[in-house]
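Quick notes on the structure that follows.
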Amino acid sequence: MPKTARARKNRQERTSGHGRSLDRARLLDLYYYLMLNRLVEERLSALYRQGKIQGGLYSSKGQEGISVGSAYALAPQDVLAPMIRNLGSMLVRGVRPVELFLQYMQKEGSPCKGRDTSLHFGGIDRGFVPPISHLGTLIPVMAGVALAGRMQGKDLVALTYIGDGATSTGDFHEGLGIASVNRLPLVVLIENNRWAYSTPVAAQSCLVDLADKARAYGVPQGVADGNDVLAVYEATSRAVNLARAGKGPVLLECKTMRMRGHSEHDDAWYVPEEEHRFWEKRDPIQIYEKHLLKTSVATSSDLKKIEQRCLSEIEKDLSAAESAPFPRPESCVEDVYAPASDDSEDEPAQPRRLARRS
Amino acid sequence: MPKTARARKNRQERTSGHGRSLDRARLLDLYYYLMLNRLVEERLSALYRQGKIQGGLYSSKGQEGISVGSAYALAPQDVLAPMIRNLGSMLVRGVRPVELFLQYMQKEGSPCKGRDTSLHFGGIDRGFVPPISHLGTLIPVMAGVALAGRMQGKDLVALTYIGDGATSTGDFHEGLGIASVNRLPLVVLIENNRWAYSTPVAAQSCLVDLADKARAYGVPQGVADGNDVLAVYEATSRAVNLARAGKGPVLLECKTMRMRGHSEHDDAWYVPEEEHRFWEKRDPIQIYEKHLLKTSVATSSDLKKIEQRCLSEIEKDLSAAESAPFPRPESCVEDVYAPASDDSEDEPAQPRRLARRS
Amino acid sequence: MAEAVTYLEAIRQGLSEEMERDERVFMLGEDIGVYGGAFKVTKGFLERFGKDRVIDTPIAESGIVGAAIGASLMGMRPVAEMQFIDFISCAFNMITNFAAKSRWRYGAGVPLVIRGPSGGGVRGGPFHSQNPEMYYVHTPGLKVVAPGTTRDAKGLIKAAIRDEDPVIYLEHKYLYRLPRIKEVLPEEDYLVPIGKAALKREGKDLSLITYGAMLLHCLDAAEALDKEGVSAEVLDLRTLLPLDADAIEATAKKTGKVLVVHEDTRTGGIAGEITALINERAFEYLDGPVLRVTSPDAPVPYSAPLEDYFLPNAAKVIEAARRLAAY
Amino acid sequence: MAEAVTYLEAIRQGLSEEMERDERVFMLGEDIGVYGGAFKVTKGFLERFGKDRVIDTPIAESGIVGAAIGASLMGMRPVAEMQFIDFISCAFNMITNFAAKSRWRYGAGVPLVIRGPSGGGVRGGPFHSQNPEMYYVHTPGLKVVAPGTTRDAKGLIKAAIRDEDPVIYLEHKYLYRLPRIKEVLPEEDYLVPIGKAALKREGKDLSLITYGAMLLHCLDAAEALDKEGVSAEVLDLRTLLPLDADAIEATAKKTGKVLVVHEDTRTGGIAGEITALINERAFEYLDGPVLRVTSPDAPVPYSAPLEDYFLPNAAKVIEAARRLAAY
Ligand SMILES: Cc1ncc(C[n+]2csc(CCOP(=O)(O)OP(=O)(O)O)c2C)c(N)n1
Ligand SMILES: Cc1ncc(C[n+]2csc(CCOP(=O)(O)OP(=O)(O)O)c2C)c(N)n1
Ligand SMILES: [Mg+2]
Ligand SMILES: [Mg+2]
């Protein structure tokens, strides 16, 4: 059958990136987002240590190439659902550091008014759907986004991420099942960072490549080097194109390593030193820096300038966030329901047509 | 990796049964159970039409070979969890027609005291675990049975069934995930009867062989002709042996066809006539009859005798059930909890050791 | 002139009128398309609205509700059917954590409807007779409706589809084709507002507060009590979340004696919440304790004599009402 | 002599003592083995009891509970950990339909314990602060316990493991390491019976009925009220299902004024059920309405000022108690 055939075709293909399709400006753009991702998170953990941030703080150190490379491969109309380690994806989609600082410092002006934690904010209007903590739930939800996009005649692709561990959830299976029989334009990117909290992937699944889970649905799959931002960009572009062409859903596994603990409180003592050392040498930012210099797309001073720009943006945004007020206490009980005025009784019975893109 | 290798090995193998391993007595035993399964169900639908049975009544017509052949492949210590179309499995495990009549006629003496419906009765003491209506739930539960059996040093295998439709449930995925990383002695038999209520398997999954779902877990799989009781017996024996040898869980797909509606009220108008006609020629009982005659294991009068025996057993059991009283109304609120005497307060604090089979 | 229709037909009319009116409305569920649904509620919809708007899904309730949530976030108005409402338990997490909390969390409303056949009385046994309302009534961000009449069934499904928040719509399968409750429905497009109870019978001695299939039994009981000289008022909640606290307060203050009747099991049932509201708002007006007639704390049994014993009925309501009246 | 231990240490002791005593007891959950659990409740268990009895599972709550059910049917005594109790919602169907109903359906008891950190006060936000008790209190066949003291934490986990029915054990993460509630525990093997409330403070003017982390606030409130000349009695429910209706009735009859305090949200919270029980059993004894202090009907907010506003505390209890006392 064609689908399985296609799955086989895509099966072994390991992508290594060259970025031929990207001009200099965009190549440097990628570097900017990688660096901003890294530096914002470093600042967030500093704030955590200072006690200015409470609760869970999840680092994507070592995985920035996946967030940035994949989000960069999307078209403007596409919808992205980040997980808690996809701060970089949100930056690419236009989130500014100030929002992240406000959010983590639980301030009034934060995107979710101080109500929810970490990266749990956003909205379709900005091109993304935020997660809830319950892992796996985004797969069916993004299948629904893809379904609606098709009904509305938008030719959008829905992209979401899932950890190696979360591929064990029932929702992963139910979501891919529904997406596969409806051939929905959905790309599910498995961020295999070898660990689910303290649980190694071998205790999570008997598979070597989690991308093989695609074989249960007869859908295309791919495997990419998650520490090579260009490889991720290209693999995602291919997956997105397949999905847009009605050959989806597509399962793309990006192999990487979680370089810090599960969250700030966790020093990851359970991770073997050799494993950590091995991956330290494969830092996605250093790898990409070398590539930019080797291909003389940029000089080290170009790159320093970008780093400086990130740092100053962070300073500016952080002080803005620090001086921002906390939310009104009583505001926490607002917005549980739509304001009565929006309610059915008042809605006119006029026929509603779908707004289709011409 | 070995597991995937094994999965590949088992992958294409289509079993066709010869029953060489079975002596005459056991071959006729199989015929008896097939016939009893068919005739009990025919009687149940007659009772339904007479209004003596209310609620759901699910026929396994055309699928008897799967229930009987698979249950017959188990060792006494193995645990079986039937689904609602596995009446034949329960007969093989010792359930008598009278219990089924009492159960469906909601009588006092019914195995579940008239509280629950259809085949929702049984117990570990009798070697099986009954389902709840919520599809998929038996997969994790039977994984737990297999896990406990291993802890207790029993070398048992847990076998359960799941429909083509129910393989879409999240519990199917979560159960196989836990079973696979723990290498549990579990056999999951997918009873692919081409339909889930009115939904054809093509609307349920993009796969040609649902056994391919094993590839998502790196576990062995097999495919067998579900209308050939000996093929089912042999495929199940192989799967059970693999599982017992610690190479499980095993996913075994048996291809068949649901020859009646989803339940008695459904005339299955949505099933194409040709499809129905094609499968009518493949009735598992007729196929097996031919085999027994051709191999001169039995004469047609031998088989007639067996059929007569089934009919008289059914008559006897049915009249017993019909004359049985209905349950005491107030009994429906009993047994929600264990009697207080069993409760913690009274339980001695003596150390408890696991009863292991020597 | 128009003829009387069944409760089930009223739901079907409401659904199809909203699909006609609003292209954003679509349906998804198991066997709802080709087959028209296990109870035939969506019979003919596939032919009428096409397979893009009447979607047969795999067996995956959490996936179905998740997909409905995603489509809703995109501006659609999904209506998800649970083949039996008992299976909504498989989507519990999606409903209570994703759908219910999105608006509060970051301002994204999730208008969608989850509907399905609930309740007992048809020998369905423990997994085809459930009344899951309280699991959702206890979840802020959701709305829960449970019509007890044909007119309300249509008006509430239309209101639910137009609502800006997620609504659990509980249709009682015992009422689906009950001849007794057939009604001639208004010609025009009408809604029954969510959050408003309805006084289905005026009385002065005591109040029966109920909903769903129990409404019939309460009306029968009120009729019988009347002959005994006890004038019972019957308040049909219709919406369980948000509760119409004003209507509950009003009837409690009027009669001073309240009996809550629900088919759902007793402990943690909605009678408790209503009793608390009355305590807070009308304590001084009470001439007797707020009593309740409910199913006992057990699963719903299959066998006829058991289920008949298990479910509340007019006789049980009358008996309790007499005790209360005599108080 | 023995030293005072934390609430968390008491749970750990209870778990390991039962594992020592009974080989049928084993644990399964996410990160409970090598890591010792997200809150370190099972720290050292893997080394002590081996990997066959301390099982790290994939991320699959429904699978975990399902496997626990199967093992229980085989005669084992599984204890399943939810990393945060918020994730129990993913196992809702397994718990309420498979575990809760098996004994009633065909006589197969399913003794197992599902435990995990519940409650707010630690800036966990809407998905790491939930109080899911009512979803299970409304499910016949389950038992639900929620210890508020260190002594009860140990006695109840041991009783839960020895119970013949499925028990949801809610451990409040705010209490885990709270120095204030450290206690010296009895040397001997003791149980706290499931289904029995405890009078944690005697009083005569009014009764505070509560459980879990709210117990502390109620005791503080009672202390303060005492200085105002209001003598408040504090009843700690400890078990939420089955409720100790006799103890509730007794305190209601004794003081005639009851204030129910729970951290769970208001509508459909257990205060309603308690109010109904008091109405049925002690109506004539009431000198005022049964009032409630609870969290408002919203998810649990993350930001400090929001969560502080959201959660009940001594001040709110005192304010409501004054109103009730003045009644
Ligand atoms: C349904 C559910 N169960 C448990 C958790 C608790 N939890 C949060 S993150 C995590 C590990 C996730 O691992 P993985 O999916 O690999 O993502 P990663 O953290 O590695 O990015 C767990 C168990 C959860 N959030 N949701
Ligand atoms: C979780 C859940 N969802 C929906 C149903 C309703 N239902 C009962 S049987 C059935 C079809 C099952 O099809 P399949 O799994 O192929 O088994 P078959 O009936 O063909 O033996 C459905 C949808 C259910 N029982 N459980
Ligand atoms: Mg991971
Ligand atoms: Mg089928």
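The structure displayed is predicted, hence computed values, not measured ones. Per chain, numbering begins at 1; letters A, B, ... match sequence-line order. Computation of the quantities below employed the complete heavy-atom set of this structure, encompassing side-chain atoms and omitting hydrogens, waters and symmetry-equivalent molecules.
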Exercise. Can you pull out the residues in residues 132-148 of chain B with any heavy atom less than 4.5 Å from chain A?
Worked result: none
Problem set entry | Salt bridge A:Glu234-A:Arg238, side-chain N to carboxylate O under 4.0 Å | no
Exercise. Counting only N and O atoms by type, is there a donor-acceptor contact under 3.5 Å from the side chain of A:Asn86 to the main-chain atoms of A:Met83?
Worked result: yes
Seminar exercise, completed: Paired with B:Lys255, the salt bridge (charged side-chain N to carboxylate O under 4.0 Å, His left out) test is passed by just one of B:Asp228, B:Asp209, B:Asp225, namely B:Asp209
Exercise. Is it the side chain or the backbone of A:Ser168 that comes within 4.5 Å of chain B heavy atoms, both, or neither?
Worked result: backbone
Exercise. Do you know the tightest heavy-atom contact between B:Cys254 and B:Ile66?
Worked result: CB-CD1, 3.7 Å
Exercise. With sequence neighbours left out, what residues match B:Asp266 under side chain to side chain contact (heavy atoms under 4.5 Å, CB included)?
Worked result: B:Tyr197, B:Arg258, B:His262, B:Ala268, B:Tyr270, C:Tyr35
Exercise. With sequence neighbours excluded, what pairs up with B:Ala73 under the side chain to side chain contact (heavy atoms under 4.5 Å, CB included) test?
Worked result: B:Tyr233, B:Thr236, B:Ser237
Exercise. Counting a contact as any heavy-atom pair under 4.5 Å apart, which residues of residues 169-177 of chain A contact chain B?
Worked result: A:Thr169, A:Gly170, A:Phe172, A:His173, A:Glu174
Exercise. Passes salt bridge (Lys or Arg N to Asp or Glu O under 4.0 Å), B:Asp267 versus B:Arg260? Steps please.
Worked result: CA-CA 7 Å; B:Asp267 64 6; B:Arg260 293 178 54 83; over 6 Å; no
Problem set entry | N/O donor-acceptor pair under 3.5 Å between A:Asn182 side chain and A:Ile178 backbone | yes
Exercise. Any salt bridge between B:Glu191 and B:Arg85, counting N to O under 4.0 Å?
Worked result: no
For this session: Please confirm whether the backbone N or O of A:Pro220 pairs with a side-chain atom of A:Lys247, one donor and one acceptor, at under 3.5 Å?
Result: no
